[in-house]
Amino acid sequence: MTMTQSPSPPNSNDDKPQAVSEVAQEANQAQQDVGAEAAKQSVPASVFVNSEPIREDQVSNAVKFLSHPKVRGSPVIYRRSFLERKGLTKEEIDEAFRRVPDPTSSSKPASLNQDGQAKSSSNVQTQAPIQTPQPVAVAPTGIASLEGRQFHWYHAVSAVGLLAASGCGTALLIKKVIIPKLKLWVRKVVLEEENDYAKKIDAKPSLAEEAAAAAKAAAAAASDVAKASQEMLNSKNEERRRFEEFMSLMDAQVQEMKSMSNSIRKLGGQASSSGRVFSDHDDHRVSASSTKQSYANGKVDVNVQLGRSSTPPASAEPPHPKSYMEIMEMIQRGEKPSNIREVNDMPPNPNQPLSNPLIAPRTKPWDAQNGSDHQVLQSQTSAEGLNQNGQDDGLNYLLDDESSTPWWQRKNVRITEIENEDEVKDTGPYGVRTNEQPPPPIQRTWVPPRPPPVAMPEAAEAIRRPKSTPKETATQEQSADGQSAAHPSEVTDELQRITKMSESVGALEMNGGFSTGNSAVIQEQENSYGEN
Amino acid sequence: MPVFKTPFNGYSVRFSPFYESRLAVATAQNFGILGNGRVHVIDLSPSSPVINELIAFDTADGVYDVAWSESHDSVLVAAVADGSMKVYDTALPPQANPVRSLKEHAREVHGLDYNPTRRDSFLSASWDDSVKLWTLDRPASLRTFREHAYCVYSVAWNPKHADVFASASGDCTVRIWDVREPGSTMIIPGHEHEILSCDWNKYDECLIATASVDKSIKIWDVRNYRVPVSALNGHGYAVRKIKFSPHRRNLLVSCSYDMTVCLWDFMVEDALVGRYDHHTEFAVGVDLSVLVDGLMASTGWDELVYVWQQGMDPRTA
């Protein structure tokens with residue numbers, strides 16, 4: 001799968017182990033001065049670059065998302081932001097944008113035309129035969145609902161077939177249904193005529209009855225009609241009422257918006273920007289008041305605001321101070337708080353040169369302690385050295401007869417007895433101790449999953465067995481005291497022990513204890529490593 | 001522990017990288033909605049627990065953040081809500097200040113960070129969705145980084161790699177940038193809600209922490225950014241600002257709209273190791289001193305600035 005290359009040097013393809021070694025190199029380099037770093041521009045910090053290949057499933061999902069008609073109407077920046085929030089990388093998003101067909105391209109209109117042609121042909125054919133539109137209308141709409149990407153001749157063929165079938169169906173219908181009905185109707189008429197002849201003779205006395213019945217029926221029908229029409233009127237009235245209510249609500253909203261826009265325009269007319277409404281993370285969504293657009297123009301882009309405030313606030317709104325709400329309301333009403341002064345904060349001399357620094361920049365504690373995994377003591381002294389420097393350099397502020405440390409440096413006051421505030425939980429070899437307290441008891445800590453280019457297994461072993469375990473070191477020292485002197489550090493012997501150690505490490509950990517022989521070996525490994 | 005009362009609502013507090021006892025405080029009138037602003041430079045008196053104000057600078061609009069220069073001990077930069085940034089030099093007489101006004105952002109400047117390794121440049125994060133790179137000697141920005149889809153709340157330089165920085169935005173992503181590259185090099189969709197703050201671990205340059213409106217803080221390793229290393233829960237409302245300790249690898253401090261300042265050790269199962277509830281309104285600014293291990297400061301909308309030593313109660317006299 002081809003990767004889209006960002007214009008950076010080709011290190012974005014690095015695998016993770018390479019990246020880590022490069023980071024290690026760069027970490028060492030970072031201690032040197034700026035010139036060295038500038039020279040390293042050909043090897044950037046590749047660990048900060050996303051080196052994942054493009055995920056096809058993510059890209060196809062993104063293409064589906066981007067093809068949706070609603071999405072097409074939204075600004076590009078919001079589409080990108082959505083995809084970024086879903087975890088797609090830049091390359092994947094660019095690829096998706098590339099794949100989604102552009103509405104201005106030539107392929108789409110051609111397919112549209114083809115679809116239109118199929119539709120028109122089918123329509124012409126349907127209108128020719130019979131007046132029963134139902135089954136015939138279904139056919140062309142059924143065809144039209146197919147995407148216009150299909151072959152149009154296939155369209156036409158299927159259309160013709162369907163039409164033929166529907167034509168036959170209607171013909172059958174006519175024969176079977178309509179003609180019998182016609183016959184019936186003809187018979188009825190004939191029968192009625194005959195009846196009429198017979199009825200005319202004795203129809204006279206029953207005429208009145210019939211008339212009365214007819215009148216009653218008519219009255220009933222009329223009343224029904226009246227009722228129905230009244231119901232219709234009522235419902236119409238209700239509808240009208242509801243509509244009017246709705247309209248009045250809309251009017252009220254429009255009024256509000258107008259007043260708000262007026263107030264904002266008023267405020268925007270001033271030099272300083274007007275009240276900024278924290279409709280952001282404060283979760284205080286002032287109704288319909290816009291924020292994102294610049295106030296200087298006095299424009300109100302309410303749509304943007306409504307669009308942005310559609311994301312629901314994460315937490316329940318934190319209780320704002322009462323005066324905060326008062327001030328917000330004042331701003332909405334268009335009033336300005338009275339305590340604001342006119343301040344001129346422009347520089348009197350924009351070319352004023354800066355004063356010369358009195359103190360040289362200090363090294364940061366993390367730079368000073370770089371690579372101090374096993375040099376706890378050194379770090380202690382360096383930290384203390386920094387503090388002493390601080391005191392010396394701050395002499396122009398501290399009194400000369402200041403004998404005790406300033407109150408802010410009284411670190412021994414940090415009491416371990418304050419249980420909930422004992423944050424000094426040093427975590428294994430990566431923690432750096434700068435206080436004078438005894439090491440805390442071993443905590444169950446989570447060892448970070450550092451990618452391990454393990455060059456020396458005994459180093460890994462030493463790291464896994466921190467020296468802070470008093471029990472272990474005591475037993476080891478006791479048992480190894482005699483033995484360490486006896487064993488000369490021969491390389492081959494050491495190598496053999498190293499291989500043995502690395503094999504047996506797992507077993508040791510599982511056993512959870514040490515036999516004296518093994519502990520001696522461990523101690524010697526640590527000693528040898530310490531020497532190295 | 002001393003307290004400093006500001007006339008306006010506090011927004012940010014920063015320790016000076018040169019003087020242990022010096023801090024800068026950014027404040028804004030009327031909660032930053034509308035009004036003036038003021039930058040205070042305060043000093044801790046060595047003998048008694050008292051905070052003195054050395055100098056204060058007024059601005060036309062609220063000040064949302066402040067950053068000390070890493071190259072000049074007397075210079076600080078203020079992020080103002082009218083989109084400009086003011087540079088102040090405390091060694092010059094007050095009437096000579098500000099020495100610069102850098103106006104390029106179209107909207108409020110919400111975050112500032114000064115480069116701690118290269119010491120010559122700083123970044124500004126703005127609600128106009130962009131981040132700009134500046135140096136003190138130039139009146140115009142060097143670069144503009146425009147990719148976020150919503151307000152950028154916070155920006156942080158990597159403590160080891162002088163060209164790498166991260167930006168946290170209301171579009172729910174954190175972006176890693178390299179100033180040598182035209183665009184962002186990594187996008188971390190860290191939270192489902194707005195991300196208000198981010199900071200790098202000072203001892204492991206691949207770890208970055210993000211704080212969000214969803215009340216959580218997440219720690220990410222950029223080498224494997226799909227899954228967070230750790231998620232710290234415990235705040236009752238949105239977490240406004242976080243800072244990794246300059247002295248301890250695993251320690252980080254956070255402040256939140258639940259009015260508390262919390263200390264976390266993200267390598268431990270029960271990560272919350274300290275909680276201070278001294279503020280009576282939103283706690284919006286917190287900082288740890290680079291020069292003094294354990295010294296911390298916080299400020300909030302209750303117009304108070306507290307400076308205290310870890311392990312002590314900030315309110316004790």
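Hydrogens, waters and symmetry mates play no part in the numbers below; they use all other heavy atoms, side chains included. Throughout, protein chains are lettered first and strands after them, A, B, ... in sequence-line order, and every chain is numbered starting at 1.
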The interface call for B/E70 against chain A, heavy-atom contacts under 4.5 Å, is both
Okay, A/P75 and chain B: the region with an atom under 4.5 Å from a heavy atom over there is neither
Check your understanding: Is there a side-chain contact between A/L354 and B/V99 (heavy atoms, below 4.5 Å)?
Key -> yes
Correct closest heavy-atom pair for A/P347 and B/S101 would be CD-CB, 3.4 Å
Note to self: Has A/R341 got a side-chain atom pairing as donor or acceptor with B/N36's backbone, closer than 3.5 angstrom?
What the structure shows: no
Whatever's closer than 4.5 Å to a heavy atom in chain A on B/N158 counts as side chain
Counting heavy-atom pairs under 4.5 Å with chain A, the top scorer among B/A91, B/S212, B/S71, B/A96 is B/A96
Whatever's closer than 4.5 Å to a heavy atom in chain A on B/Y225 counts as side chain
When the 4.5 angstrom heavy-atom criterion is applied to B/V222 and chain A, the contacting part is both
d(A/M346 CE, B/T59 OG1) to nearest 0.5 Å is 12.0 Å
Open item on the list: Between A/T89 and B/I187, is there a side-chain heavy-atom distance shorter than 4.5 Å?
Closed with: no
| Can you say whether the rings of B/Y203 and A/W366 are parallel (under 30°), tilted (30 to 60°) or perpendicular (over 60°)? | perpendicular
Applying a strict 4.5 Å limit to non-hydrogen atoms, the region of B/I176 in contact with chain A is side chain
Can you check whether B/S184 reaches A/K90 side chain to side chain, under 4.5 Å on heavy atoms? yes
- Message: Any non-hydrogen side-chain atom of B/N30 less than 4.5 Å from a side-chain atom of A/I331?
- Response: no
When the 4.5 angstrom heavy-atom criterion is applied to B/R119 and chain A, the contacting part is side chain
Looking only at B/K202, B/H148, B/H72, most heavy-atom pairs under 4.5 Å shared with chain A are made by B/K202
Smallest heavy-atom separation, B/R100 atom then A/P350 atom, equals NH1-O, 2.9 Å
Most heavy-atom pairs under 4.5 Å with chain B, out of A/N344, A/N339, A/N349, belong to A/N339
Heavy-atom nearest pair, A/K336 first then B/L34, reads CG-CD2, 3.9 Å
| task | Considering only NZ, NE, NH1 and NH2 on the basic side and carboxylate oxygens on the acidic side, decide whether B/R226 and A/E52 come within less than 4.0 Å. | result | yes
| task | Would you indicate whether the side-chain heavy atoms of A/P357 and B/S69 approach each other to under 4.5 Å? | result | no
Looking at side-chain heavy atoms only, is the closest gap between A/D345 and B/D58 below 4.5 Å?
no
- Query: How about B/F31 and A/H320: are their ring centres within less than 6.0 Å of each other?
  - Reply: no
When every non-hydrogen atom of A/V47 is compared with those of B/C206, the smallest separation belongs to CG2-SG, 4.0 Å
Among B/P139, B/S45, B/P116, B/G37, the residue with the most heavy-atom pairs under 4.5 Å to chain A is B/S45
Cationic N near anionic O, under 4.0 Å, B/E147 to A/R80 = no
Stepwise, does the side-chain contact (heavy atoms from CB on, under 4.5 Å) test hold for A/L358 with B/F18? CA-CA 10 Å; A/L358 293 171; B/F18 289 92; over 6 Å; no
Yes or no on side-chain hydrogen bond (donor to acceptor under 3.5 Å, both in side chains) for A/S81 and B/D171, after CA distance, side-chain angles and deciding distance? CA-CA 7 Å; A/S81 176; B/D171 66 1; 4.6 Å; no
Interatomic distance, OH@A/Y324 vs CD1@B/I33, rounded to 0.5 Å, equals 5.0 Å
Residues passing the ring-ring contact (aromatic ring centres under 6.0 Å, His included) test with B/H191, sequence neighbours excluded, are none
Residues B/V290 and A/K364: closest non-hydrogen pair is CG1-CD, 4.0 Å
Assert top hit (heavy-atom pairs under 4.5 Å, partner chain A, pool B/L136, B/T280, B/L92, B/T173) equals B/L92
Closest heavy-atom pair, B/S74 versus A/S355, reported as atoms and distance to 0.1 Å, is OG-OG, 3.3 Å
Would you say A/E84 and B/R175 make side-chain contact, with heavy atoms under 4.5 Å? yes
> Are B/W177 and A/F48 side-chain neighbours, meaning at least one heavy-atom pair lies under 4.5 Å?
Replying inline: no
